[in-house]
Amino acid sequence: MTKERCYDLVLVGATGFTGRLTAKYLAAHAPPRLRWALSGRDQSKLAAIAATLAREWPDQSEPDIMVTDAGDEIALRAVAETSRVVVTTIGPYVSRGEPLVAACIAGGADYLDITGETEFVDRIWLDHHAEAERKGVRLVHCCGFIAIAEDLGAYFTVQHLPQDAPLKVNGHVRFRLRFSGGSYRSLIQSFARSRQRQVVARSRQAVEAEPSARKVYALPGKVRRNSYLGGWVTPDSSISAITVRRTAAVLPSYGPEFGYGHHLVFRRFSALSGFFLTATAAGVFLRLVPVRKLLLKMKKAGVGPDQTERDRSWFELIFIGEGAGRTVITKVTGGDPGYDETAKMLAESALCIAFDDLPRRSGQLTPALAMGDALMRRLRTAGISFQIVKTSTI
């Protein structure tokens, strides 16, 4: 960006549960005298958070306050025009996120979020990718555990495989976490909009260009017992897998052919059965408005698991990559995936975009395409482990 900005970054949604954790992480780990601001609807809550951060981290500059609403286009434009990077934790994104994306493109600010909503990501690509690319603005979605661990984990795995041969990578995730009110509400809305999600996905597929002279595809999978992984494995087609394949479609280092499969791992068959039953019921009953209203009343937005509960949470991703007779097994591990690590990933992504030397790409980007090695270095320094478990050659 050539225009001088007041702020290096603005955090939108700073009074929400994940927003507060992200603000604390930035205050504790950002470069001293970071030029930043907190944004949200409630000025008194923002002021209280800013004062607490200043008191607990006196070496860090106290953030300014910008009062905004998700639908206030003038206020959002002011945020975008005064900051180099805009970071948002406000969901559900499909109903609240688009105005801020549009403001960032118009105002020339890079945009990051933690959405896991495929409908939102596809809508933004359809409506805004071309203009963002033309204006040199980066739109980076899924900058939390929902995709960064998977995207960078696959990226790390591919770095240890031959780059001139067809490659296959399977990722396997297991974790322990509890949902906050905001995540709970986003999840309910996502299940309720399954039909809209499919329509938008097909619209994007109809116009998005395939990589020339290369093939990227989803690996088939089935429910099975895996002794190496210590549990039952089931294929999953979430945004994590989609993100990995979108990275592969752009980067030639993923080989002339790249297949990727994403899987959930359950230690017990009863847990796997419970997951299927819950997902099936949610897909049917959450389309009913009375059911959604009842469930939404059961958990308030802005609240989430306390520190003790988050300290018990964890995640582990195991990748098995194969190509040209070589097999590599890698692992990505960390703490509470839903909130502590997501806040860390989002904050480090924002600092990476703001301060690091990155590839010259713009438009809608995956985390690996936008930040790649620079973000992986940051996350390793911050305590998230990327390691090679085993390599073998036939």
Side-chain angles (χ1 to χ4, degrees), residues 145-177 215-238 240-241 243-245 247-248 251-269 271-272 313-337 341 344-345 366-368 371-394:
F145 168 74
I146 192 67
I148 277 188
E150 191 90 15
D151 197 22
L152 289 184
Y155 179 81
F156 174 70
T157 304
V158 166
Q159 289 178 332
H160 297 86
L161 289 168
Q163 295 188 6
D164 56 354
L167 304 179
K168 293 182 180 179
V169 177
N170 278 287
H172 309 83
V173 60
R174 51 189 170 200
F175 53 81
R176 183 188 190 277
L177 64 83
K215 180 182 178 182
V216 176
Y217 62 100
L219 290 173
K222 62 180 180 180
V223 176
R224 68 191 190 280
R225 173 77 184 176
N226 187 303
S227 58
Y228 177 79
L229 297 170
W232 289 86
V233 176
T234 182
D236 177 61
S237 57
S238 68
S240 304
T243 301
V244 172
R245 290 192 289 269
T247 296
L251 297 182
S253 59
Y254 282 63
E257 287 188 19
F258 180 79
Y260 183 73
H262 177 59
H263 312 267
L264 303 178
V265 181
F266 298 86
R267 289 194 178 277
R268 296 180 300 276
F269 186 76
L272 173 64
S313 300
W314 52 270
F315 76 86
E316 178 182 71
L317 273 160
I318 296 176
F319 297 88
I320 302 175
E322 301 171 284
R326 181 177 175 83
T327 299
V328 59
I329 301 175
T330 65
K331 184 186 292 187
V332 182
T333 56
D336 169 46
E341 299 295 48
K344 177 189 295 182
M345 291 173 184
T366 67
M371 297 169 280
D373 294 310
L375 181 57
M376 189 156 56
R377 286 192 295 269
R378 282 182 168 274
L379 295 180
R380 278 177 146 168
T381 301
I384 294 176
S385 173
F386 293 79
Q387 59 179 303
I388 300 173
V389 176
K390 182 180 179 181
T391 61
S392 61
T393 303
I394 298 177

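We use all heavy atoms of the structure for the numbers below, so side chains are in, but hydrogens, waters and symmetry mates are not. On a predicted model such as this, the values are computed, not experimentally measured, just so you know.
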Show me the donor-acceptor pairs, under 3.5 Å and distance only, between side chains in residues 218-235 and residues at least two apart or in other chains.
residue	atom	partner	partner atom	Å
Arg224	NH1	Lys222	O	3.4
Asn226	OD1	Tyr228	N	3.0
Asn226	OD1	Leu229	N	2.9

Subject >> Nearest non-hydrogen partners of Arg380 and Phe156, listed with the distance >> reply: NH2-CE1, 3.4 Å
**OP:** With sequence neighbours left out, write down each residue that passes side chain to side chain donor-acceptor pair (under 3.5 Å) with Arg174, or none if nothing qualifies.
**Re:** Glu316
Subject >> Residue list, ring pair (Phe, Tyr, Trp, His ring centres under 6.0 Å) with His263, at least two apart or on another chain >> reply: His172
Subject >> Residues forming a side chain to side chain donor-acceptor pair (under 3.5 Å) with Gln159, sequence neighbours excluded >> reply: Asp373
Original post:
Are any of the side-chain heavy atoms of Leu161 and Val169 separated by less than 4.5 Å?
Top reply: yes
Subject >> Non-neighbouring partners of Ala368 that pass side chain to side chain contact (heavy atoms under 4.5 Å, CB included), sequence neighbours left out >> reply: Asp151, Leu152, Tyr155, Thr247, Thr366
Subject >> Those residues that, when tested against Ile146, pass side chain to side chain contact (heavy atoms under 4.5 Å, CB included) (two or more places apart) >> reply: Cys142, Ile239
Original post:
Is a donor on one side and an acceptor on the other found under 3.5 Å between the side chain of Glu341 and the backbone of Gly335?
Top reply: yes
Original post:
Which value, rounded to the nearest 0.5 Å, describes the distance between Phe315 atom CZ and Ile384 atom CD1?
Top reply: 5.0 Å
**OP:** Would you please name every residue forming a side chain to side chain donor-acceptor pair (under 3.5 Å) with Thr157, sequence neighbours left out?
**Re:** Thr330
**OP:** Would you please name every residue forming a ring pair (Phe, Tyr, Trp, His ring centres under 6.0 Å) with Tyr254, sequence neighbours left out?
**Re:** Phe258
Original post:
Sequence neighbours excluded, which residues qualify as ring pair (Phe, Tyr, Trp, His ring centres under 6.0 Å) partners of Tyr217?
Top reply: none
Original post:
Quick one: side chain to side chain contact (heavy atoms under 4.5 Å, CB included) partners of Ala271, sequence neighbours excluded?
Top reply: Phe266
**OP:** Would you confirm whether Arg326, through its side chain, and His160, through its main-chain N or O, come within 3.5 Å as a donor-acceptor pair?
**Re:** yes
**OP:** Starting at CG of Leu272, measure out to CZ of Arg267 and round the result to the nearest 0.5 Å.
**Re:** 14.0 Å
Subject >> Residues forming a ring pair (Phe, Tyr, Trp, His ring centres under 6.0 Å) with Phe319, sequence neighbours excluded >> reply: none
**OP:** Go through the structure and list residues passing side chain to side chain contact (heavy atoms under 4.5 Å, CB included) with Pro166, not counting sequence neighbours.
**Re:** Pro256, Glu257
